[in-house]
Amino acid sequence: MGHRSTEVDAYIAASAPFARPILRKIRGLFHRACPRIEETIKWGFPHFEYMGVVAGMAAFKRHVSFGFWKGRLLNDPHGLFKGVGQTGMNARKLTDVSELPADDVLIDYIREAVALNENNVKLPARKKAGPRKSPPVPDDLQAALHKNPKALAGFEALPPSHQREYIEWITEARKEETRQRRIQTAIEWLTKGQSRNRKYERC
């Protein structure tokens with residue numbers, strides 16, 4: 001059998017008055033849908049677990065957020081939830097307990113989410129972002145580099161991440177005089193084949 005956590009009791013008690021009935025209702029539906037559900041506090045918010053995290057809920061000043069860990073894999077015939085960024089989660093914001101769907105509807109969602117864990121269904125692996133390319137070399141830096149072949153060779157020998165450090169350092173200058181001073185410094189360092197943040201690199 002599952003259990004109710006005293007930490008979750010305390011979390012609900014400390015929440016805003018409008019949030020307490022929402023949290024209590026969601027909590028009760030999880031235990032009705034899956035009597036073996038476990039309650040935990042993760043990242044400061046109540047979560048429901050069964051063979052892994054199933055869902056979580058959180059109270060804020062003006063709303064309660066509630067969603068499923070593998071929400072993108074759930075059927076959502078009622079259009080209750082929205083995806084959360086690039087994660088596999090979904091969520092719904094509530095400001096009153098009356099905004100929750102009918103009990104049997106939400107229980108169906110919970111049971112489907114529990115079944116995903118029971119069947120060891122995994123979220124698709126997130127695609128790794130490719131290496132960031134260097135931004136375009138600004139005209140004034142480009143001109144300075146072409147006046148100094150050794151600095152140009154030093155710049156072109158750097159990996160894209162180190163080229164980007166120079167470009168961003170120069171383009172972030174607020175004043176023109178600061179920008180020109182940074183370009184001069186960059187040319188000096190590049191003539192020696194140095195990266196901008198060389199002092200932080202290992203020998």
Side-chain angles (χ1 to χ4, degrees), residues 1-136 160-161 164 168:
M1 294 292 289
H3 76 278
R4 293 180 180 245
S5 164
T6 56
E7 289 181 301
V8 174
D9 289 337
Y11 182 92
I12 293 174
S15 299
F18 83 90
R20 293 173 203 155
I22 303 173
L23 298 171
R24 284 195 287 262
K25 181 73 170 181
I26 293 170
R27 184 189 202 186
L29 290 173
F30 267 89
H31 286 278
R32 281 177 58 188
C34 179
R36 291 173 291 177
I37 207 81
E38 301 282 335
E39 297 180 354
T40 62
I41 296 288
K42 290 180 178 291
W43 307 291
F45 304 120
H47 284 72
F48 302 98
E49 295 188 340
Y50 178 70
M51 300 179 70
V53 179
V54 176
M57 60 184 185
F60 299 95
K61 287 184 179 180
R62 297 182 181 176
H63 73 274
V64 168
S65 181
F66 156 61
F68 293 95
W69 195 252
K70 298 177 181 176
R72 292 188 186 272
L73 301 182
L74 293 177
N75 295 312
D76 187 3
H78 302 278
L80 299 178
F81 296 91
K82 292 182 179 180
V84 178
Q86 300 299 312
T87 71
M89 300 175 64
N90 64 15
R92 179 180 175 87
K93 291 183 178 180
L94 305 157
T95 57
D96 189 86
V97 70
S98 64
E99 295 172 0
L100 283 167
D103 291 3
D104 58 341
V105 170
L106 197 48
I107 284 172
D108 285 344
Y109 279 74
I110 295 168
R111 286 175 175 164
E112 185 182 352
V114 168
L116 290 175
N117 283 4
E118 287 178 326
N119 295 320
N120 198 32
V121 177
K122 304 290 187 184
L123 286 165
R126 292 177 65 181
K127 292 182 180 179
K128 292 184 178 179
R132 289 173 63 193
K133 295 180 180 180
S134 295
S161 61
R164 185 170 59 250
E168 290 178 349

Chi angles and distances behind the side chain to side chain contact (heavy atoms under 4.5 Å, CB included) call for H78, Y109: CA-CA 10 Å; H78 302 278; Y109 279 74; 3.6 Å; yes
Pair H3, E38: side-chain N/O donor-acceptor within cut-off below 3.5 Å: yes
Taking every non-hydrogen atom, the tightest pair across N117 and G52: ND2-O, 3.2 Å
Gap separating the CD atom of E118 from the SG atom of C34, nearest 0.5 angstrom: 7.0 Å
Test applied, side-chain contact (heavy atoms from CB on, under 4.5 Å); reference residue, K25; option that passes from L94, V64, L100: L100
Side chain to side chain contact (heavy atoms under 4.5 Å, CB included) assessment of K70 paired with F68: CA-CA 6 Å; K70 298 177 181 176; F68 293 95; over 6 Å; no
Nearest-0.5 Å distance, OH of residue Y11 to CZ of residue F45: 5.0 Å
Which atom of L23 lies closest to which atom of A59, heavy atoms considered: CD1-CB, 4.0 Å
Gap separating the CG atom of D104 from the CZ atom of R111, nearest 0.5 angstrom: 10.0 Å
Over all atoms of both residues, closest heavy-atom pair of A113 and V54: CB-CG1, 3.7 Å
Audit row: R27, D9, salt bridge (charged side-chain N to carboxylate O under 4.0 Å, His left out) steps and yes/no: CA-CA 10 Å; R27 184 189 202 186; D9 289 337; 2.8 Å; yes
Spatial distance of atom CZ (R92) from atom CZ (F66) [nearest 0.5 Å]: 9.5 Å
Shortest non-hydrogen separation from D96 to I22 and the atoms involved: N-CD1, 3.6 Å
W69 side, atom CH2; L116 side, atom CG - distance, nearest 0.5 Å: 14.0 Å
Over all atoms of both residues, closest heavy-atom pair of P101 and L80: CG-CD1, 3.7 Å
Closest non-hydrogen atom pair between I12 and R20, with its separation: O-CG, 3.2 Å
Backbone of V8 reached by a side-chain donor or acceptor of E39 within 3.5 Å: no
Spatial distance of atom CG (N75) from atom CG (D108) [nearest 0.5 Å]: 10.5 Å
Main-chain N/O of K42 paired to T40 side chain as donor or acceptor, under 3.5 Å: no
